[in-house]
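Encoded as structure tokens, the structure appears first; notes follow it.
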2 protein chains.
Amino acid sequence: MQNSFTEENYLKIIHALSGRDGLEVSTNALAESTSTRAASVTDMLRKLAEKGLIHYKKYQGVRLTESGEKVAINVIRKHRLWEVFLVEKLGFGWDEVHDIAEELEHIPSDHLVERLDSFLGHPRFDPHGDPIPDAKGNLTEPDYLILTDVEIGEKVRMMGVLDHAPSFLQHLDRAGITLGCILEIKEINEYDKSASVQIEDKQTLFISLEVSKNLLVQRR
Amino acid sequence: MQNSFTEENYLKIIHALSGRDGLEVSTNALAESTSTRAASVTDMLRKLAEKGLIHYKKYQGVRLTESGEKVAINVIRKHRLWEVFLVEKLGFGWDEVHDIAEELEHIPSDHLVERLDSFLGHPRFDPHGDPIPDAKGNLTEPDYLILTDVEIGEKVRMMGVLDHAPSFLQHLDRAGITLGCILEIKEINEYDKSASVQIEDKQTLFISLEVSKNLLVQRR
DNA sequence: AAAAAAATTTAGACCAACCTAAAAATTGAT
DNA sequence: ATCAATTTTTAGGTTGGTCTAAATTTTTTT
């Protein structure tokens, strides 16, 4: 039996919300993330449980089963591969691709995904730095730091973002902060916790705490 | 207001069935083509008429309005561009791409279509020889001949197919008949109307009437 | 530990897209 | 021109995914 567009979205969102430890996700959190009401979520959870895609006991929250996990990771794989396509091949900006990939991720065809993967040269990361699961469903989250955890004087490489909102990504574009660039923390402003950061040994600029919280980096 | 996947399919099929003269399409023909029942078609026709996408009077068949035509042609444009992508970039065979393109054609984003079109180098024809409408919605059907209309001794170029069934396309592959190849009609067999055809000045083979009826060619 | 608050589920309804069965309109044959 | 066959529409029902309002369970506060 095939999973619908909607079912795939629920599974993807449950995966995202349960984090790497696979903890329970609440009905309300799902209602928030799916932009539906809690009652609708309950209906869907009953259906997903019947299909063996989630572990669900009333009032107890929800976890993916192994087979649900597989479906979710496949959707994530497709989403991220299509994002690479849109940016690398079609020339979209990293701030423009999320909604389109959200549609493309539900196109069903294993054959298509594998050919797309080859065509793109088996990329390991999408344009936002998120890791792309392999064809077998292995998804290894690299353990990046958040910029707020970096000490003054350290040099780090920009590896990804936590927020994918176009406005945030456009802000980074304007600041010249791109994936892979080198950042050095010069100082932390006591007053508002903003950081003075030198980018690529060139200009220094202030990064607000809000922005720092959403930047993933790696020590070097 | 956005058109649904299903609505787009109805419009596309009405376009195909009404031919270049835009004649009336019957409810039964649509039921056949959409693999639904006539009653379901009637429901949908009422809806499409309310949206101003078709001209519909009870018992009188149906025609696209100008705005319906625009939607249909846009779907066709997307379908054919995606087919080019699948064959030219991903390496699919022309017999494998129809069903996948059937899904991709409903991805909504004008921006995406135009970038895809550029990426592919503004192709004029899809892998089956069907013309690709331009961004403004101009679709000009070249007036090809059907192979059955070609006289003995004539040389023609293979330009397209009427049937897109995988089994038919695979048959052409096995016979070495590809888009653009040169065919010379050597003789017509009286008994079964099959044709002896020489391909690219090389081997000669028999083409059944059934096959001939589905081959589009051009005199040269 | 009881009461209040919050989260979740149930009950009953709606819309899109489909169905079957029956009724109505059109077409075609004599 | 009438009657039979065919086509099309109407009536009423189903399923997937959503909703609101009310009921229930869990959690938090006092």
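Chain letters run A, B, ... following the sequence lines, proteins first and then strands; every chain starts at 1.
- At a threshold of 4.0 angstrom between heavy atoms, the contacts of A/Thr42 include nucleobase atoms, whether or not backbone atoms are also involved.
- Distances shown here put every side-chain N or O of B/Thr6 at or beyond 4.0 Å from the OP1 or OP2 atom of C/dA16.
- Taking the six-membered ring for Trp and thresholds of 30 and 60 degrees, B/Phe85 and A/Phe85 have ring planes inclined between 30 and 60 degrees apart.
- The cationic atom of A/Lys89 (NZ for Lys, CZ for Arg) lies less than 6.0 Å from the six-membered ring centre of A/Phe119 and within 45° of the ring axis.
- Atom NZ of B/Lys70 has 12 or fewer neighbouring heavy atoms from other residues, nucleotides or ligands inside a 6.0 Å radius.
- Look at CG on B/Asp43: it is 12 Å from C1' on C/dC15, rounded to the nearest Å.
- Crowding of B/Glu114 atom CD: a count of heavy atoms from other residues, nucleotides or ligands under 6.0 Å exceeding 12.
- At the heavy-atom level, B/Phe5 lies nowhere under 4.0 Å from the strands shown.
- In this structure, A/Asn28 does not reach the C/dA6 phosphate: none of its side-chain N or O atoms is under 4.0 Å from OP1 or OP2.
- A/Thr148 is linked by a side chain to side chain contact (heavy atoms under 4.5 Å, CB included) to A/Ile146, A/Leu209, A/Ser212, A/Lys213, counting only residues two or more places apart in sequence or in another chain.
- For the pair B/Leu45 CG and C/dC18 C1', the interatomic distance rounds to 14 Å; values are reported in whole Å.
- In this structure, CZ of B/Arg46 is placed 13 Å from C1' of C/dA16, rounded to the nearest angstrom.
- Under the 30°/60° scheme for interplanar angles, the aromatic rings of A/His164 and A/His128 are found to lie parallel.
- At least one side-chain nitrogen or oxygen of B/Arg37 sits closer than 4.0 Å to the OP1 or OP2 atom of C/dT20.
- Closest approach to the B/Thr27 side chain among D/dT10, D/dT8, C/dT9 is made by D/dT8 (side chain taken as heavy atoms from C-beta onward).
- For DNA chain D, the residues of residues 49-64 of chain B within the heavy-atom distance limit of 4.0 Å (strictly under) are B/Tyr56, B/Lys58, B/Tyr59, sorted by number.
- Legend: ring pair (Phe, Tyr, Trp, His ring centres under 6.0 Å) pairs involving residues 2-53 of chain A, not counting sequence neighbours, sorted by first then second residue: A/Phe5-A/His106.
- Base contact: B/Ser40 has a heavy atom under 4.0 Å from a base atom.
- With D/dC19, C/dC18, D/dT8 as the candidates, the nucleotide lying closest to the side chain of B/Tyr10 is C/dC18.
- In this structure, CD of B/Glu24 is placed 12 Å from P of D/dT8, rounded to the nearest angstrom.
- Taking the side chain of B/Met44 as heavy atoms from C-beta on, and the options D/dC19, C/dT20, C/dC18, the nearest nucleotide is C/dC18.
- Remark on DNA chain D: of its neighbouring residues A/Ser4 and A/Ala39, the 5'-side contact belongs to A/Ser4, judged by nearest-heavy-atom nucleotide.
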